[in-house]
Every structure is written in C-alpha cells, then in structure tokens.
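Working notes for the structure below.
Computed from a prediction, not measured in an experiment: that's the story for all the values here. Each chain gets a letter, A, B and so on, in the order the sequences are listed, and its residues count up from 1. All heavy atoms count here, side chains included; hydrogens, waters and symmetry mates do not.
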2 protein chains.
Amino acid sequence: MASMNEVAKKAGVSVATVSRVLNNSTNVNDETRARILKAIKALNYQPSRVAKRLRSKSVSSNLLGVLIPDIENPFYVDVLRGIEDVAYNHNYAIIMCNFGQDEKKEKLYLEILQSESIDGLIAAPASEDDLQLKKMVSDGLPVVCVDRGLSNTEVDLVLVNNERGAYLAVDHLIKRGYKRIAYIAGMQSIPSSRYREMGYKKALEDNGMTFDETLVRFGNSKHQSGVELCRELLSLPEPPDAVFTGNNLITLGALETIHSQGLKIPGDIAIVGFDDMYWASSLNPPLTAVRQPAIEIGRRAGELLIQRISDTKRAPIQMMLNVELIERSST
Amino acid sequence: MASMNEVAKKAGVSVATVSRVLNNSTNVNDETRARILKAIKALNYQPSRVAKRLRSKSVSSNLLGVLIPDIENPFYVDVLRGIEDVAYNHNYAIIMCNFGQDEKKEKLYLEILQSESIDGLIAAPASEDDLQLKKMVSDGLPVVCVDRGLSNTEVDLVLVNNERGAYLAVDHLIKRGYKRIAYIAGMQSIPSSRYREMGYKKALEDNGMTFDETLVRFGNSKHQSGVELCRELLSLPEPPDAVFTGNNLITLGALETIHSQGLKIPGDIAIVGFDDMYWASSLNPPLTAVRQPAIEIGRRAGELLIQRISDTKRAPIQMMLNVELIERSST
DNA sequence: AAAATGAATGTAAACGTTGTCATAAATATG
DNA sequence: CATATTTATGACAACGTTTACATTCATTTT
C-alpha cells in the first residue's frame with residue numbers, strides 16, 4: 001500500500017499539499033493538483049483510514065459500531081440491514097458485535113469498540129442499566145439505542161410501541177373468542193418483554209378477563225425457550241387455547257412444539273407472534289403476527305447517529321414507530 | 001480515554017516500560033509493574049487498537065473483514081455467526097460488509113477494508129474472477145473464501161459439495177416418481193449455481209431421464225426471483241410436477257407462489273430446497289431440504305484465517321464439507 | 001519603490017502505540 | 001578489584017495522516 005509520502009515524492013511536493021488535494025482544500029495550483037492526482041492514480045494510492053482516525057478525532061473516520069443481542073433473530077438482521085444501508089451511503093464501515101445476550105461478551109465488545117475509536121454506536125443494550133454504555137454516552141460518544149433504551153440517560157432512541165403491539169395481538173385473540181390466552185415472553189430483563197406484558201394485561205383487563213399468572217412464562221428470548229415454555233403450557237391441567245409469543249424465535253419454537261404434538265392451529269390452539277417475517281405466509285398455517293418495521297428502525301437509527309456525529313449538542317430524539325397486526329390464518 | 005502517556009506519567013515511568021508491562025515482556029521490576037498496573041486501573045486505561053494497528057502490521061491488530069453477498073439470506077447469517085464465534089474467542093473484531101450482490105458496492109467495501117488495515121478477510125466474492133480480490137490475495141493479505149472460490153488463484157477455501165447436494169435432491173425426487181423436475185437457480189455467475197446445475201443434470205442422466213432446458217431458470221438469487229420464476233414455470237403448457245430450488249430465499253419465494261395459486265404440496269407439486277433452516281419443519285408443508293453446515297463453514301473459515309494470519313506461508317487449504325438431505329413432507 | 005496582501009507550498013508536531021538502541025545500576029565472573 | 005554480564009529503564013523514531021505555522025514569491029496597494 002502506497003502512502004501519502006510516496007505520492008508526495010512522486011509528485012515532487014510535500015505531504016501537506018497532497019493532503020490538501022485529497023481534502024480538496026483551496027489554494028492549490030491547478031497544475032500541481034493535476035500532477036498529484038496523476039501520482040495518486042499511478043501508485044493506486046488509498047488513504048489509510050487508520051492513520052486518519054488516529055490523527056484526528058475531529059475529522060470523521062467513518063467507522064460505526066453496531067451492538068446487537070442476537071444475529072440469529074431475523075428482526076435484528078433487518079435492523080442491521082437498515083443501518084448498513086445508510087452507513088454505506090455515507091461511506092461508513094460497520095463493526096458488527098453480536099453479544100448473544102451475554103453480558104460479559106457485551107462488555108468486551110464495548111471495550112473493543114471504544115478502543116477502535118469508532119465515531120458512533122448503535123446499540124440494543126443487554127440491560128437498561130448498562131453502566132458501561134451509560135458511561136460511554138456521558139463521555140460524549142454518539143450513541144443511538146434501538147429496541148431498548150437506557151434508564152436515566154438522555155440518548156437517541158428508536159423503538160416501537162411494544163405495549164400497543166401486544167395489545168393488538170391479544171385483543172384480536174379475545175375478539176376471536178379465545179378464553180385462555182398464554183404469553184410466552186422473552187427475557188424479563190429486556191424492557192420490550194415487559195412492555196409487551198403490559199399490553200397483554202391491558203387487553204385482558206379492557207375485555208373484562210382475569211389475569212392468570214400461570215399463563216405467563218418468561219424465557220431467554222431464544223428458539224429453545226419457545227419450544228420448552230410452550231410444552232410446559234400445553235401440559236397444564238387447563239392448557240391455553242391461544243398463545244401470544246414474545247418474539248420471532250419464540251414463535252418458531254412454539255410452532256415446533258405445537259406441530260410435534262400433532263395439534264391443529266387454530267383448531268386446537270391459536271397463535272399470534274410478535275415480529276413478522278416476509279415468509280410468515282408460508283408457515284403452517286400462515287402466521288398472524290405483529291409487524292415491526294425493522295428495516296426502518298435500522299435506517300432511522302443510522303440517520304440519527306450520523307446526525308448526532310455531526311452535531312453532538314442536539315437534544316436527544318426518541319422515536320416510537322408504529323406496529324401493525326397482520327392477520328393470517330393462525331388465529 | 002487515557003493514553004499510555006498519561007499512565008506512564010502517573011506511574012512515574014516512561015511509555016516504553018508501560019508498553020512492556022502491557023505486552024508482559026520480561027525484565028521489568030515487580031514493584032514497577034505493580035505501580036503501572038495500579039495506574040492503568042486508576043485511569044481506566046485501554047490501549048488503542050488504532051494506534052497499535054498503525055504502528056505495526058507485524059503485531060496482530062485484531063480486526064477481520066467479512067464480505068458477504070446477502071445478509072438477508074439465513075445461510076450467510078449462519079456463516080457469519082460461525083465466524084463471529086471464533087473471532088470473538090481470539091479477540092478479533094469484525095467489520096461486516098454486505099454487498100447485496102452489487103459489484104460496485106463490493107468494490108467499495110474491499111477498498112474500505114484495505115484502508116482499515118484488516119489482518120485478514122473472509123469473503124464470498126461476487127465473481128470467481130474478482131480482480132480486486134485476487135490482487136489483495138497476491139499482495140499478501142490473508143484471505144479465506146467461503147462458498148465460492150477464485151479462479152486461477154491459490155486461496156484457502158471452505159465450501160460444500162454442491163454438485164452432490166443437488167444430486168441428492170433431484171435423485172430423491174426421481175425416486176419418488178416425479179417426472180418433470182424444474183430447477184430454479186440463483187445467479188448464473190455464482191459457481192454454486194452452476195455446480196448445482198451439474199448435480200441436477202447428472203441425477204437426470206443417471207436415471208435415464210432427458211434434460212429439458214425450459215425447466216431450468218436462472219435468477220438473481222433473491223426471494224423475488226423465486227416468486228417470479230416459479231410463476232413462470234407453473235404457467236408452462238406442461239408445468240413441472242416438482243421443483244428444486246437453488247437456495248433459501250428462492251425456496252421461500254417459490255413456496256409463496258405455490259401457495260398463492262392454491263396448489264397442494266406435494267400433491268400438485270413437490271419441492272425440495274437447497275439450504276435448510278431450523279424452522280423448516282414449521283413450514284407448510286415441512287420442507288425437504290439439502291442441509292449445508294453453515295455455522296461450521298463459518299467456524300472453519302475463521303479458524304483457517306487465524307491460522308493463515310499467523311503463518312502466511314502455509315499452503316492453501318481447500319475444505320469441502322458434506323451436505324445431507326433432510327426428508328420432510330414436501331416431496 | 002516600499003509595504004502590504006494573498007496565493008501556493010513546505011516544515012514539523014501531533015495522534016498512541018511498538019521496538020530498537022542506549023544507558024545506568026546491580027550483579028556475576030575472573 | 002576490574003571487568004563482563006544481566007536487569008531495568010529511558011529516549012526516540014516510526015507508522016500515515018492532519019493542521020498550525022512558517023516561508024516564498026507574485027501581485028496589489030499606497
């Protein structure tokens with residue numbers, strides 16, 4: 001890799017002038033500029049983003065961090081896609097950190113990101129009380145949270161109306177005549193799990209139904225927990241006649257269990273999931289689901305972050321996007 | 001962020017000594033070491049990976065590039081997961097580049113990766129003749145290819161026996177009595193599409209069936225192409241009675257079309273897909289599929305890369321992993 | 001014609017490390 | 001005791017940029 005020095009030598013100028021050309025600053029002679037551009041081409045010179053980053057924090061070094069809990073979850077993949085989309089358009093590269101709901105791993109990744117001098121970070125933190133992340137925010141790193149916020153901390157945030165989504169789902173089940181509606185939730189420490197629980201309870205209440213806590217199970221947000229918790233629910237003396245699942249992976253897990261027990265959907269049991277997938281209509285049966293605009297969440301977060309990088313002072317913005325219930329045949 | 005200099009000052013030593021402690025080199029007094037460690041803790045010092053990377057290419061700067069065609073494809077997500085797994089265990093961070101089958105985007109990402117002075121790269125290149133990538137390989141960057149190789153270039157490679165996978169799928173269909181078996185392929189420029197075609201043809205041939213080229217359609221490897229090409233096939237005067245789909249996304253697209261036309265699987269038409277998904281048993285109907293060990297591909301590639309980084313000279317290794325046919329109810 | 005301006009360029013420090021070399025003190029060797 | 005060796009440490013250059021400041025020269029202003 002040719003360096004600026006070699007270019008300068010070849011063009012017979014100093015590095016400063018080369019730098020000026022590269023950052024198309026004024027006051028450089030047309031002929032010199034041409035000579036330098038020629039040398040750049042000849043040597044196939046590419047500026048080192050590393051050196052740039054080291055030299056000045058002020059100038060953008062075009063590196064973003066993305067910290068997500070679980071890349072196996074199609075929802076986060078879509079968020080990532082949205083982020084990648086705007087990052088690419090602004091010439092940013094992305095360091096992807098997938099911490100798999102493991103707080104130790106999250107911690108290590110945050111350290112690495114800091115150490116890489118990223119310009120900004122988009123994160124779905126493991127916990128609302130993430131001290132390390134809070135510190136990074138208060139130290140001035142541009143941060144945008146997605147899906148989950150940080151308690152007592154002013155930070156840009158893009159999420160979805162979780163309570164409303166759950167309400168829509170459960171209300172829909174009730175209107176369809178289901179009486180014993182279970183909720184298979186994700187990790188209790190994740191805010192969205194709790195908001196969705198609130199929506200679940202509110203829908204029951206608004207419809208004059210009583211809340212039965214044996215029908216609510218918190219898991220670890222993964223596929224396997226969907227499998228197992230659904231099995232538990234089905235083996236209850238009075239099993240549910242419908243189940244509301246807390247995310248993508250749980251839904252697929254629950255479906256697996258239901259199918260393996262040979263139950264009919266929605267005849268024996270109905271199901272509505274949080275998170276839609278574009279292939280949800282090819283599931284057996286086509287799944288009724290609450291759709292989050294995942295790609296848009298990613299895009300918005302990316303835009304907010306890039307804004308914030310260029311204006312650290314602007315007041316934090318919190319965006320709550322809308323969800324919608326997609327009715328198919330599982331309910 | 002405290003720098004080494006501040007630590008040195010605080011501990012009353014020179015930066016050299018601090019560096020020695022950090023790289024636990026010998027010949028540093030126990031008492032001094034203790035003092036330095038204390039200072040490091042007090043200042044919450046973290047070494048800058050950026051400075052490290054700039055300073056010496058010799059010492060590992062712990063940054064890997066991953067270049068994949070399509071993060072929406074669960075196969076690549078799994079590969080990524082495998083890579084991430086071993087990267088994390090070796091304290092490497094990952095710059096993720098998703099080029100969405102767009103060669104211009106791929107080019108830009110390769111430039112960025114180079115400019116970021118990555119230690120090594122795992123790539124599924126857009127084309128076998130990718131000049132830019134070939135150049136990077138010959139310039140000495142450690143590279144491991146996954147899923148697709150580079151022509152006339154010695155490079156580590158991890159892939160799967162595509163021909164055999166296709167053969168298994170098509171042979172299975174034939175044994176089940178299907179007569180007109182279509183193949184909805186991905187992009188023709190992608191080697192795996194062609195190897196799968198070879199397997200498809202070979203299975204026909206070995207079973208004494210004639211090859212009908214109107215039953216083979218190449219697309220762009222995305223969901224939408226599955227939708228459309230399947231529609232084309234179904235509206236043929238003599239439509240197929242079975243279809244072999246070239247990847248994950250195509251399978252889901254084809255399913256969508258089949259369902260939307262109200263056809264029964266496998267009664268009206270059978271389907272077997274390349275790429276399994278763990279939730280394939282929840283599809284309607286449970287999908288018969290050729291399984292690639294995607295996570296293992298990622299892991300192996302990660303291991304090969306880390307090996308190669310530490311030993312640039314070792315002869316290239318090409319690994320071909322096995323596929324298996326998972327029989328469910330769509331055939 | 002001297003002074004002031006401005007354009008074009010160069011010099012050098014800085015960013016935070018690593019690593020080579022030099023130096024000083026302590027210890028071992030004869 | 002003189003010399004050689006080892007141990008512990010520091011000084012400084014280098015990596016490839018950016019940028020503040022200095023310099024040179026041509027042009028304009030008085």
Side-chain angles (χ1 to χ4, degrees), chain A residues 1-37 39-40 43-63 91 111-119, chain B residues 1-37 39-40 43-63 91 111-119:
Chain A
M1 292 279 311
S3 75
M4 224 168 84
N5 220 313
E6 300 172 54
V7 173
K9 219 166 275 173
K10 175 141 196 160
V13 296
S14 74
V15 285
T17 308
V18 178
S19 174
R20 273 186 276 259
V21 168
L22 254 46
N23 301 286
N24 44 45
S25 113
T26 53
N27 292 347
V28 32
N29 186 288
D30 282 350
E31 195 223 318
T32 319
R33 160 170 281 128
R35 201 150 27 100
I36 291 174
L37 289 175
I40 287 176
L43 294 173
N44 191 21
Y45 166 76
Q46 286 220 343
S48 157
R49 293 164 74 107
V50 179
K52 203 178 282 196
R53 191 168 305 128
L54 177 61
R55 164 58 214 230
S56 53
K57 301 212 169 307
S58 63
V59 104
S60 181
S61 52
N62 293 335
L63 188 62
N91 196 30
E111 281 167 10
I112 287 181
L113 288 171
Q114 212 159 13
S115 172
E116 289 286 359
S117 297
I118 53 169
D119 295 313
Chain B
M1 290 280 311
S3 75
M4 225 170 85
N5 219 314
E6 300 172 52
V7 173
K9 218 166 275 173
K10 176 140 196 162
V13 296
S14 75
V15 284
T17 308
V18 178
S19 175
R20 272 186 275 261
V21 169
L22 254 45
N23 301 287
N24 44 45
S25 113
T26 51
N27 291 348
V28 33
N29 186 288
D30 283 350
E31 194 222 320
T32 320
R33 160 170 280 128
R35 201 150 28 97
I36 292 174
L37 289 175
I40 286 176
L43 293 173
N44 191 23
Y45 166 76
Q46 286 220 343
S48 156
R49 293 164 74 107
V50 178
K52 206 178 280 196
R53 190 169 306 127
L54 178 61
R55 164 58 214 233
S56 53
K57 301 211 169 307
S58 63
V59 103
S60 181
S61 52
N62 293 335
L63 188 62
N91 197 30
E111 281 167 9
I112 288 180
L113 287 171
Q114 211 160 13
S115 172
E116 289 287 358
S117 296
I118 52 170
D119 295 312

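Put simply, CZ on B:Arg53 is 13 Å from P on C:dT17, counting in whole angstrom units. Following rounding to the nearest Å, B:Lys52 (NZ) and D:dC15 (C1') show an atom-to-atom distance of 15 Å. For the pair A:Glu116 CD and C:dT17 C1', the computed distance is 13 Å after rounding to whole Å. Atom CG of B:Leu22 is separated from atom P of C:dG16 by 15 Å (rounded to the nearest Å). Atom pair B:Arg49:CZ and D:dC15:C1' shows a separation of 18 Å (rounding to whole Å applied).
Taking the side chain of A:Ser19 as heavy atoms from C-beta on, and the options D:dT19, C:dT9, C:dG16, the nearest nucleotide is D:dT19. Side-chain proximity of B:Thr17 to the nucleotides D:dG10, D:dG16, C:dG10 is greatest for D:dG10. Here the side chain of A:Pro47 is nearest to one of C:dT17, D:dT17, D:dT9, namely D:dT17. For B:Leu54, the side-chain atoms get nearest to C:dG16 when compared with the rest of D:dT9, D:dT17, C:dG16. Residue B:Ala51 has its side chain nearest to C:dT17 when only D:dT19, C:dT17, C:dT9 are considered. Taking every side-chain heavy atom of B:Val13 into account, D:dG10 is the closest of D:dG10, C:dG16, D:dT17.
Taking A:Thr32 as the reference, A:Val13, A:Thr17, A:Val28, A:Asn29, A:Arg35, A:Ile36 meet the side-chain contact (heavy atoms from CB on, under 4.5 Å) condition, with sequence neighbours excluded. Applying the side-chain contact (heavy atoms from CB on, under 4.5 Å) test to A:Leu37 and every residue at least two apart in sequence or in another chain returns A:Val21, A:Arg33, A:Ile40. Residues meeting the salt bridge (Lys or Arg N to Asp or Glu O under 4.0 Å) test with B:Arg20, sequence neighbours left out: none.
Of all the heavy atoms in A:Lys10 and A:Ala39, the pair that sits closest is CG-CB, 3.8 Å. The minimum heavy-atom distance linking A:Asn62 with B:Glu116 is given by the pair O-OE2, 4.4 Å.
The side chain of A:Asn27 places an N or O atom within less than 4.0 Å of a non-bridging phosphate oxygen (OP1 or OP2) of C:dA8. In this structure, A:Ser14 reaches the C:dG10 phosphate: one of its side-chain N or O atoms is under 4.0 Å from OP1 or OP2.
Contact annotation for B:Asn23: backbone-only contact, meaning every heavy-atom pair under 4.0 Å involves sugar-phosphate atoms and none involves a base. Residue contacts shown for A:Gln46 are limited to sugar-phosphate atoms, with no base heavy atom under 4.0 Å away.
Across residues 30-37 of chain B, not one residue has a non-hydrogen atom less than 4.0 Å from an atom of DNA chain C.
Across the interface with DNA chain C, nearest-nucleotide mapping of A:Gly12 and B:Glu6 shows A:Gly12 to be the residue nearer the 5′ end.
Under 3.5 Å, the side chain of A:Arg20 and the base of C:dG10 form at least one donor-acceptor pair of N or O atoms.
By the neighbour-count criterion of 12 heavy atoms within 6.0 Å, atom CG of B:Asp30 is sparsely surrounded, having that number or fewer from other residues, nucleotides or ligands.
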Indicate for each nucleotide in nucleotides 23-29 of chain D, in 5' to 3' sequence, whether protein heavy atoms under 4.0 Å reach the base (B), only the sugar-phosphate (S), or nothing (-).
-------

Within the sub-3.5 Å range, which N or O atoms of nucleotides 12-14 of chain D have a protein N or O partner, and how far apart are they?
from   : atom 1 : to      : atom 2 : distance (Å)
D:dA14 : N3     : B:Arg55 : NH1    : 2.9

